[in-house]
Amino acid sequence: MQRIEQRASFGGRQEVWEHHSSSTDTAMRFGIYLPPAALAGQPCPVVYWLSGLTCNEQNFITKAGAQQYAAALGLIVVAPDTSPRGEGVANDEAYDLGQGAGFYLNATQQPWAAHFRMEDYVVQELPALVEAHFPATDKRSICGHSMGGHGALTLALRHPGRYASVSAFSPIAAPSQVPWGQKAFAAYLGEDRTAWAAHDTVALIANAPERLHLLVDQGQADEFLAGQLQPERLQAACQAAGHPLTLRLHAGYDHSYYFIASLIGEHLAHHSQALR
């Protein structure tokens, strides 16, 4: 691994690392915030953040303001890129498919299958690297925004016991039923909708083997609320299955990082309580 960026922040250090990924067979980057406790050699639990469409590792680490809360709580925060990138990696001219739009799954269809294996990367490879190279414990939580909110919820549901807690901002709750998800799933997974259901939070809730509490925040002025996010589908699925959900709706907030920055401290406190 190669460290390509480091900056002091709230007594800790914000770093960016690059490495060759065995999952994606490409170079991958991730941001990692090391709180003061970690710099002092104390092993700390890890919160994984998954960003949304078009983002890379920079969006969260520069806009969310998470470092001050992670420093106080003694949390390492890891923010990977949203997809494989580079020459020879399949792409699409649209913003919602290809590079920058990995949807946190393992693609099975060509030309995507060779590199788009973000589920393996986020769930297996990246934690193994973090726990081997940094003062991190094996206690993990996961959260994300939009496409990354979808990723956080589905990966937590698909890998019971892997995460102590999960939360999401403005997640694509039912990707099989909205344009963003339908386009990505058809490309990455093919036309078999049973394969789609395995990566759809609303579909997974019915038979979830672990009743991990879901914390979801949604802005009511979000321009994608009705067409792409549809949290009411998640609420109905959780009610039907008896799955614990806290869904909070916030007047005036949109889909931007202004919303995330306003509540990221509450989300990190939520994860800190579960991790300890």
Side-chain angles (χ1 to χ4, degrees), residues 1-52 54-87 89 99-100 102 104 118 120-145 148 151-152 163 167 169 256-258 260-265 267-269 271-272 275-276:
M1 297 200 305
Q2 179 183 5
R3 185 171 58 195
I4 59 175
E5 183 179 324
Q6 62 173 328
R7 290 183 171 85
S9 180
F10 293 95
R13 194 163 61 233
Q14 179 66 60
E15 302 181 346
V16 177
W17 288 76
E18 184 174 88
H19 69 103
H20 182 82
S21 167
S22 60
S23 302
T24 67
D25 194 25
T26 66
M28 292 293 293
R29 290 185 178 183
F30 64 90
I32 182 168
Y33 179 72
L34 301 170
L39 296 186
Q42 177 182 332
C44 296
V46 185
V47 175
Y48 290 86
W49 170 269
L50 305 183
S51 291
T54 76
C55 293
N56 58 27
E57 80 288 341
Q58 290 291 323
N59 296 74
F60 178 76
I61 68 176
T62 59
K63 295 180 179 180
Q67 291 88 350
Q68 61 179 316
Y69 304 107
L73 294 167
L75 297 173
I76 293 173
V77 181
V78 175
D81 201 349
T82 54
S83 79
R85 300 179 191 266
E87 190 174 344
V89 177
Q99 296 185 36
Y104 303 104
M118 289 300 293
D120 284 353
Y121 180 71
V122 169
V123 175
Q124 303 294 340
E125 183 179 1
L126 184 58
L129 283 173
V130 168
E131 289 161 24
H133 293 278
F134 301 95
T137 71
D138 62 358
K139 300 290 187 181
R140 312 171 200 93
S141 290
I142 191 165
C143 57
H145 171 237
Y163 301 102
S167 70
F169 291 83
S256 72
Y257 266 84
Y258 293 106
I260 296 167
S262 299
L263 293 169
I264 191 64
H267 280 243
L268 291 181
H271 294 303
S272 178
L275 288 163
R276 312 246 176 233

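In what follows, residues are counted from 1 in the order of the sequence shown.
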Is there a side-chain contact (heavy atoms from CB on, under 4.5 Å) between Arg29 and Ile4? Walk through the geometry before answering. CA-CA 9 Å; Arg29 290 185 178 183; Ile4 59 175; 3.3 Å; yes
Is there a side-chain contact (heavy atoms from CB on, under 4.5 Å) between Ile142 and Val47? Walk through the geometry before answering. CA-CA 5 Å; Ile142 191 165; Val47 175; over 6 Å; no
Apply the test side-chain contact (heavy atoms from CB on, under 4.5 Å) to residues Ser22 and Glu125: give CA-CA distance (whole Å), side-chain angles for both, the deciding distance (0.1 Å), then the verdict. CA-CA 8 Å; Ser22 60; Glu125 183 179 1; 3.5 Å; yes
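Taking the ring centroids of His267 and Tyr69, they lie at or beyond the 6.0 Å cut-off.
Proximity of Gln58 to Val16: side-chain heavy atoms (C-beta onward) are separated by under 4.5 Å at one or more points. Between Ser51 and His145 there is no side-chain heavy-atom pair separated by less than 4.5 Å. Side-chain contact between Phe60 and Tyr257 is present, with heavy atoms from C-beta onward closer than 4.5 Å. Counting heavy atoms from C-beta outward, Lys63 and Ile260 have side chains that stay 4.5 Å or more apart. Residues Pro135 and Gln42 form no side-chain contact, since every pair of their non-hydrogen atoms from C-beta on lies 4.5 Å or further apart. In this structure, the side chains of Met1 and Leu129 come closer than 4.5 Å at one or more pairs of heavy atoms. Put simply, the side chain of Tyr33 reaches to within 4.5 Å of the side chain of Ser9, judged on heavy atoms. Using a 4.5 Å heavy-atom threshold, the side chains of Arg13 and Leu39 count as touching.
Between Arg3 and Glu5 there is no salt bridge, since none of the side-chain N atoms of the basic residue sits less than 4.0 Å from a carboxylate O of the acidic one.
Here the rule is side-chain contact (heavy atoms from CB on, under 4.5 Å) with Leu275, and of Leu268, Leu75, Leu73 only Leu75 fits it. When each of Trp49, Phe134, Trp17, Tyr48 is tested with Val78 by the rule side-chain contact (heavy atoms from CB on, under 4.5 Å), just one qualifies, namely Tyr48.
Taking both residues in full, the closest heavy atoms of Met28 and Ser21 are given as CG-CB, 3.6 Å, listed atom of the first, atom of the second, then distance. Nearest approach of Tyr104 to Gly148, heavy atoms of both residues: CE1-CA, 3.6 Å. Taking every heavy atom of both residues into account, Ala70 and Val77 meet most closely at CB-CG2, 3.7 Å. Heavy-atom minimum distance, Arg85 versus Cys55: NH2-O, 2.9 Å. Taking every heavy atom of both residues into account, Ala152 and Leu50 meet most closely at N-CD1, 3.6 Å. Nearest heavy atoms, Pro45 versus Arg276: CD-NH1, 3.8 Å.
A side-chain donor-acceptor contact under 3.5 Å links Gln14 and Gln67.
Atom-to-atom distance recorded for Asp25:CG and His20:NE2 is 4.0 Å, nearest 0.5 angstrom. Atom CE in Met118 sits 10.5 Å away from atom CG in Asp120 (nearest 0.5 Å). Rounding to the nearest 0.5 Å gives a distance of 8.0 Å between CD1 of Ile32 and CG of Leu126.
Although no hydrogens or angles enter the test, the distance criterion places no donor-acceptor pair under 3.5 Å between the side chain of Glu57 and the main chain of Ala79. Counting only distance, with no hydrogens or angles, the side chain of Ser83 and the backbone of Gly102 share no donor-acceptor pair below 3.5 Å.
Relative ring orientation between Phe30 and His19 is described as perpendicular, the plane-to-plane angle rising above 60° on a 0-90° scale split at 30° and 60°.
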